Amino acid sequence: MLLLEGFSTALQPVYLLYALGGVFVGTAVGVLPGIGPAMTVALLMPITYALDPAAALIVFAGIYYGGMYGGSTTSILLNTPGESSSIVTALEGNKMAKAGRGAAALATAAIGSFIAGTIATVLLTFLAPVVADFAVGLGPVDYVALMVVAFLTVGALLGASVLRGLASLALGLFIGLIGIDDSTAQQRFTFDNPTLVDGIDMVLVAVGLFALGEALYVASKLRHGPVELIPVSKGKNAWLSKEDWKRSWKPWLRGTFIGFPIGTVPAGGADVSTFLSYAAERKLAKGANKAQFGKGAIEGVAGPEAANNAAAAGVLVPLLTLGIPTTATAAMMLTAFQRYQIQPGPLLFENQGALVWTLIASLYVGNLMLLVLNLPLVGLWVKILQIPRPYLYAGILVFAALGAFSVNFSPSDVGILLVVGILGYFMRRYGYPVAPMVVAMILGPMFEVQLRRSLQLSQNDPTALFSSPFALVVYVSMALIFVASWWLRRRQAAVEAAPARDKVSV
Amino acid sequence: MSSLATTPAKRPTGEILFALVFVSVGVAGLATAGSIPIPPSETGIGPRAFPYIVCGMLVLCGAGVVLQVLRGKVGQAEDSEDLDVTAKTDWVALAKLVGFVVLHIFLIEPAGWPVAAAVLFSGAAWSLDAKPLWKAITVSVILALVLQYVFGGLLGVSLPPGPLFEGVPFFHG
């Protein structure tokens, strides 16, 4: 089987070493406060510039999963949760840590992530070739439909403000337009400036928005004084008790099967799935366990963490088979692929079969490594969390500048980085989500090509965009997703409000 | 939850100005999209249609945000772990950081990457009140040299070592 061939590559000692390096660096950077998975991938892009494609993909697989693990450690141990994808984990995990159960919270998160990651990778293994086979038959009209859904879910559904999300999306589309038009080779919005002719590199925008923008934003309102960490208790009682296992295994599985499907459809990736899983666990808990919600219920860590990692694997299905990134992290992965002239899409499994299966095999390997690495290294992650903040943000600036400079070895790229970083600062300050901009920038050019191709085929008859049955199904599902999300949003608000209410009543 | 604290009421001038940036980029785009050449062989919607759509969207969204803000619906500033939401914006620190990035850009080629990186790190750490300063500078020098060695030497990313380290073989790829 092809997967076995993938394993035979991924298990070579050198590649195992790369995988280990990838998961280690990915977790270490993911642990850093303020750094989400997308920023982890963006910041670590330069590491792989000199590697061969297989090694680079293996490192990225490690970074991708490692970044997810790292985030949960931060939200459990740090007093001040922030990232949206791990905010749910923080709800209960933080309380558990304060009650001296930090080690148990970390353990249930790590084991849950491992189980969910493994099951979801198995699902990915079987589902991806099927989807790829199906996708070969899709025409440009169908791609237009899929990408419209991806745009609207990323832009309109996920942020707090629909208009700001769409504005961010439009800005990303605009930056994607700068340069040479793919279809006619005409220059657009280049103003005869030679540096703009090649377009603005995706890495500059991503690193600028995520890394520089975030560093500037935090610097503008930095919390001074010592870093408040919750100490991790050691000893026998701290580890998962029999009772904890009993309470954790069902949420792990439920989280997996909530997270994976949500990851695969272009409807929002990890955040939504963690909220859904949390709400489900809260509802399903009984008696004393239910009363614990809001005060450190282990189910509230186990479920969402599993959902988060399963969604991360699910996101890879549309990314690998359709070439459509549905989250900012996936957009970064796509950028990484494109650097090696690997174009994800239905033909990827045929043209680059060996590479894809190596990537999938290394997801299994990386997941196992993370489980083995994570718990013994908690002490190290705690040290990383304690890095004095001036050094941390100074380091992020240096790394961002390094990443930007090494794109083309041109200092003017660092200048573009700075401009994008300042833009990212104001977007954060005024509540514009940055993820839609990143996704739009990478998806926009592909969308335009497919749109023009479909209209050309139909002699510019716009109704042709609704002519294929598949496209119709997609548009109808999109309408359903929007209705469902409206309902979810209300639930999410209820979930967010509930712990606050508990706190008041205590 | 502290992270869900509502944004305090503030003058929304800055927010309106920022939304107008979106509008003006859109307007500028609409004004220049008409001059994108269309090759005679083009039979489809051509290279101008999508830019018109995108720029129109920018104008509409930007204007929509301006209206929302005027009606009192201001944006919700983003949260982060190290953020003190109640603090006032430290414009001085921001200006210093931006200044050091600019300095870094102009130092890379004449002074070499390690020097430029060390200046950026120690400058940024100083802007963020790192104490004591000599420690930050020591860290910056070590970090810059390690990065130059790892990326320039081991990973083959060609960072210019600059006149100071030109002769050191392990700083090159």
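Treat the numbers as computed from the prediction; the structure is a model and nothing was measured. Throughout, protein chains are lettered first and strands after them, A, B, ... in sequence-line order, and every chain is numbered starting at 1.
Shown here is A:Tyr425, whose OH atom has more than 12 heavy atoms of other residues, nucleotides or ligands within 6.0 Å. Atom CH2 of B:Trp91 sits in a crowded spot, with more than 12 heavy atoms from other residues, nucleotides or ligands closer than 6.0 Å. No more than 12 heavy atoms of other residues, nucleotides or ligands sit less than 6.0 Å from atom CZ of B:Phe106. Around OH of B:Tyr52, the count of heavy atoms belonging to other residues, nucleotides or ligands within 6.0 Å exceeds 12.
Interface remark: A:Tyr217 contributes backbone and side-chain atoms alike to the contact with chain B (heavy atom separation under 4.5 Å). For B:Trp113, the part lying under 4.5 angstrom from a heavy atom of chain A is the side chain only. At a 4.5 Å heavy-atom cutoff, B:Val150 makes no contact with chain A through either its backbone or its side chain. With a 4.5 Å cut-off on non-hydrogen atoms, B:Ala19 touches chain A through its backbone and its side chain both. Interface remark: A:Phe405 contributes side-chain atoms only to the contact with chain B (heavy atom separation under 4.5 Å). If you measure heavy-atom distances from B:Leu107 to chain A, you find no contacts under 4.5 Å at all. Only the backbone of A:Ser168 has a heavy atom closer than 4.5 Å to any heavy atom of chain B. At a 4.5 Å heavy-atom cutoff, the contact between B:Phe151 and chain A is made by side-chain atoms alone. Contacts between B:Lys135 and chain A at a heavy-atom distance below 4.5 Å involve backbone atoms as well as side-chain atoms. Interface remark: A:Leu457 contributes no atoms to any contact with chain B (heavy atom separation under 4.5 Å). Interface residue A:Leu173: backbone and side-chain heavy atoms are both found under 4.5 Å from chain B. In this structure, no portion of A:Pro433 lies under 4.5 Å from any heavy atom of chain B. Contacts of B:Ala33 with chain A are made by both backbone and side-chain atoms, with heavy-atom separations under 4.5 Å. Neither the backbone nor the side chain of A:Leu417 comes within contact range of chain B, judged by heavy atoms closer than 4.5 Å. For chain A, the nearby part of B:Val139 is the side chain; its heavy atoms alone come within less than 4.5 Å.
The minimum heavy-atom distance linking B:Ala124 with A:Leu397 is given by the pair CB-CD1, 3.7 Å. A:Pro390 and B:Leu128 get closest at one heavy-atom pair: CG-O, 3.4 Å. Summarising the geometry of B:Pro37 relative to A:Gln187, their closest heavy-atom pair is CD-O, 4.4 Å, with the distance given to 0.1 Å. Closest approach of A:Ala219 and B:Asp90 over heavy atoms only: O-CB, 4.4 Å. Heavy atoms only, all atoms of each residue included: A:Ala167 and B:Leu58 are closest at O-CD2, 4.1 Å. Taking all atoms of both residues into account, the shortest heavy-atom contact from A:Leu451 to B:Ile45 is CD2-CD1, 4.3 Å.
Listed options B:Ser35, B:Ala136, B:Gly62 were ranked by heavy-atom pairs under 4.5 angstrom with chain A; first place goes to B:Ala136. Among the candidates A:Gly431, A:Ala400, A:Ala170, the residue making the largest number of heavy-atom pairs closer than 4.5 Å to chain B is A:Ala170. Among A:Leu455, A:Leu418, A:Ile422, the residue making the largest number of heavy-atom pairs under 4.5 Å with chain B is A:Leu418. Most heavy-atom pairs under 4.5 Å with chain A: of the set B:Ala117, B:Ala28, B:Gly29, this distinction falls to B:Gly29. Comparing A:Leu177, A:Asp182, A:Leu423, A:Leu169 by heavy-atom pairs within less than 4.5 Å of chain B, the highest count is held by A:Leu177. Considering only heavy-atom pairs separated by less than 4.5 Å from chain B, the leading option among A:Tyr393, A:Tyr391, A:Phe426 is A:Tyr391.
The distance from the OG atom of A:Ser410 to the CD atom of B:Glu109 is 7.5 Å, given to the nearest 0.5 Å. Note: A:Leu163 CG to B:Cys61 SG = 6.0 Å, rounded to the nearest 0.5 Å. Considering CD of A:Glu448 and CD1 of B:Ile53, their distance stands at 8.5 Å, rounded to 0.5 Å. Between A:Arg164 atom CZ and B:Lys73 atom NZ the span is 8.0 Å, to the nearest 0.5 Å.
Here the two rings, on A:Tyr432 and B:Phe22, have centers that are under 6.0 Å apart.
Proximity of B:Leu147 to A:Val398: side-chain heavy atoms (C-beta onward) are separated by under 4.5 Å at one or more points. Side-chain atoms of A:Tyr430 and B:Val65, non-hydrogen and from C-beta on, never get closer than 4.5 Å to each other.
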For this session: Please lay out, stage by stage, how A:Leu402 and B:Leu159 fare under the test side chain to side chain contact (heavy atoms under 4.5 Å, CB included).
Result: CA-CA 9 Å; A:Leu402 168 65; B:Leu159 300 173; 3.6 Å; yes
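Between the side chain of A:Arg188 and the backbone N or O of B:Pro47, at least one donor-acceptor pair lies under 3.5 Å.
With B:Phe50 as reference, A:Phe447 is the one residue of A:Phe174, A:Phe189, A:Phe447 to meet the ring-ring contact (aromatic ring centres under 6.0 Å, His included) rule.
For the 3.5 Å distance criterion, the side chains of B:Thr89 and A:Arg429 qualify, holding a donor opposite an acceptor.
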